[in-house]
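The structure under discussion appears below in the form of structure tokens.
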Protein chains: 2
Amino acid sequence: MGKKQPSISVTVDAIVFGYEKNEGVSVLLIKRKYEPFKDSWALPGGFVQEEESLETAVKRELQEETGIKVNYLEQLYTFGAPQRDPRQRIISVAYWALVKTSLFVELKADTDASQVQWFNIEKLPKLGFDHKLILDKAIQRIRAKVRYEPVGFELLDKKFSFADLEKLYMSFLGRDIDRRNFRKKMMGLKMLDELDEWSKSEGAGRPSKMFRFNKARYEQLQKEGILFEI
Amino acid sequence: MGKKQPSISVTVDAIVFGYEKNEGVSVLLIKRKYEPFKDSWALPGGFVQEEESLETAVKRELQEETGIKVNYLEQLYTFGAPQRDPRQRIISVAYWALVKTSLFVELKADTDASQVQWFNIEKLPKLGFDHKLILDKAIQRIRAKVRYEPVGFELLDKKFSFADLEKLYMSFLGRDIDRRNFRKKMMGLKMLDELDEWSKSEGAGRPSKMFRFNKARYEQLQKEGILFEI
DNA sequence: ACAAAAGTGTTCCCTATACACCCATGG
DNA sequence: CCATGGGTGTATAGGGAACACTTTTGT
């Protein structure tokens with residue numbers, strides 16, 4: 001330690017996954033207003049200021065560029081290949097979060113973005129920088145995460161049907177789930193409170209019982225970890 | 001993106017875990033030659049140069065400061081709290097690795113270190129910076145890792161007894177294991193090849209059969225992941 | 001009455017866990 | 001012959017996986 005101190009810049013990037021019952025999993029992207037990669041889609045993010053923590057920086061950039069406010073982001077990985085940014089050496093610390101898409105329908109492009117938009121993760125545009133790489137890693141992480149920690153609390157309405165929860169898990173796992181086994185498992189975890197309400201009908205079919213998460217139990221399971229083999 | 005570009009420096013730190021049959025798990029630490037934290041123990045590491053990748057940087061620093069060469073390091077986490085370094089804003093990308101202690105008995109303190117030493121993770125000295133925090137996170141990570149990926153290949157001699165492997169797992173998991181169940185599990189995974197050799201005696205006791213890792217199978221399990229519930 | 005979606009129970013198998021005695025060697 | 005460490009098998013329980021029919025509603 002000691003000799004040179006090269007000039008390397010530090011940025012943060014945010015992968016915000018949104019979930020919506022009918023739409024599935026989306027990612028929030030911005031269209032870049034400036035070079036490099038002007039008019040390309042990219043992850044929101046930007047330079048870390050000297051006095052702020054990394055997490056503060058992501059939240060700030062997210063707010064500035066997309067107008068959305070996220071409470072908790074988790075660090076994903078740090079990308080630092082020498083040529084990943086054409087301008088200069090930049091290393092980027094990526095963070096990710098999971099939100100309910102419907103809470104953020106009013107996206108406002110701002111400082112460095114000319115547009116902000118949700119993209120279903122099955123239909124992504126071409127991305128600037130190495131952001132495809134970053135996004136892939138984030139998707140991989142979220143898939144793994146679902147298997148050892150409960151998800152859904154922040155992603156569904158307060159009251160939801162079992163089918164809603166099932167769809168959510170199928171979106172994240174990317175495959176089908178047996179309804180009966182899933183229900184048994186979930187009930188066994190005691191994560192859900194059964195309500196005395198029934199869904200209004202949307203077309204044909206038997207109405208479904210409504211549930212809500214048991215917050216205390218949910219948070220306990222987040223700490224302890226679950227083994228979600230289904 | 002765009003406005004200011006604050007001057008933040010980027011460092012890498014290395015957590016090198018060493019394993020030795022009789023000693024258990026150790027970490028490689030250096031005694032700092034310069035301020036800040038002169039004469040404190042700390043993780044080896046240093047500034048990233050402008051043209052090198054993060055991984056290259058860790059390897060280089062490790063070699064410079066401790067004389068050891070490590071082939072593969074895995075990124076752990078990036079630490080970036082504003083006040084974590086008293087000099088200036090520094091963010092540090094931490095990497096960790098697992099090596100066989102016996103391969104590195106000749107440690108040579110060099111550039112920034114006045115001493116280099118293995119410390120058993122049960123008997124750690126006080127560390128400078130936020131390195132205790134970093135180390136704790138690394139230990140946590142390694143514990144988790146053992147449970148979904150095989151370890152040992154790089155840590156044991158080519159030929160080893162079942163007891164050796166068992167001790168290794170007990171070190172990492174930090175608890176006892178049932179010998180019989182462990183053996184069944186390992187054999188079931190087909191990770192080991194049984195040899196036609198028996199250990200020479202070291203004191204009393206029945207000689208033990210020797211094994212070696214089945215490299216192909218081992219690597220396959222690394223990719224696929226195992227669920228090591230024992 | 002039919003289509004659509006929700007609710008429910010059983011069987012099987014596999015794996016984790018608990019547990020105790022015999023065997024080969026050195027001293 | 002005894003202390004030390006290595007090697008082996010069995011019984012039980014719990015959870016994951018596969019699987020099909022009934023119920024309620026809208027049309």
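Chain identifiers are assigned alphabetically (A, B, ...) following the order of the sequence lines, protein sequences preceding nucleic acid strands; residue numbering begins at 1 within each chain.
- Each of Lys215(B), Arg217(B), Lys223(B) was checked for a salt bridge (charged side-chain N to carboxylate O under 4.0 Å, His left out) with Glu219(B), and the lone residue meeting it is Lys215(B).
- With hydrogens and angles ignored, a donor-acceptor pair closer than 3.5 Å exists between the side chain of Lys184(B) and the base of dT10(D).
- The separation between Arg180(A) atom CZ and dT22(D) atom P is 14 Å, rounded to whole Å.
- Per the geometry, CZ belonging to Phe182(A) stands 15 Å off P belonging to dT8(C), to the nearest Å.
- Regarding Trp198(A), its CH2 atom lies at a distance of 9 Å from the P atom of dT25(D), rounded to whole Å.
- Remark: the Arg179(A) side chain and the dG7(C) base include a donor-acceptor N/O pair separated by less than 3.5 Å.
- At least one donor-acceptor pair under 3.5 Å links the side chain of Glu65(A) to the backbone N or O of Gly45(A).
- Checking Ser26(B) against Asn120(B) by side-chain atom types alone, no donor-acceptor pair falls below 3.5 Å.
- Following rounding to the nearest Å, Leu165(B) (CG) and dG6(D) (C1') show an atom-to-atom distance of 15 Å.
- With rounding to whole Å, Asn181(B) atom CG is found 18 Å from dC14(C) atom P.
- If you check dA3(D), dA20(D), dG7(D) against the side chain of Ala204(B), the one that comes closest is dA3(D).
- A ring-centre distance under 6.0 Å is found for Tyr169(A) and Phe228(A).
- One interatomic measurement links the two molecules: CD of Glu166(B) to C1' of dT8(D), which rounds to 13 Å at whole-angstrom precision.
- Taking the side chain of Ser208(A) as heavy atoms from C-beta on, and the options dG7(C), dG9(C), dG7(D), the nearest nucleotide is dG7(C).
- We find that Glu74(A) and Lys145(A) are joined by a salt bridge, their nearest charged nitrogen and carboxylate oxygen being less than 4.0 Å apart.
- Residue Lys185(B) places none of its side-chain N or O atoms closer than 4.0 Å to OP1 or OP2 of dT15(C).
- Comparing Arg206(A) and Asp178(A) against DNA chain C, the residue whose closest nucleotide sits nearer the 5' end is Arg206(A).
- For Arg183(B), a side-chain nitrogen or oxygen approaches OP1 or OP2 of dT8(D) to under 4.0 Å.
- dA6(C) atom P lies 16 Å from atom CG of Leu195(A), rounded to whole Å.
- When each of Ile121(B), Asp130(B), Val27(B), Leu76(B) is paired with Leu135(B), the side-chain contact (heavy atoms from CB on, under 4.5 Å) condition holds for Val27(B) and for no other.
- Put simply, CG on Leu189(B) is 13 Å from C1' on dA16(C), counting in whole angstrom units.
- Looking at Ser199(B) and Ser208(B), their side chains do bring a donor and an acceptor atom within 3.5 Å of each other.
- A heavy atom closer than 4.0 Å to some atom of DNA chain D occurs in no member of residues 216-227 of chain A.
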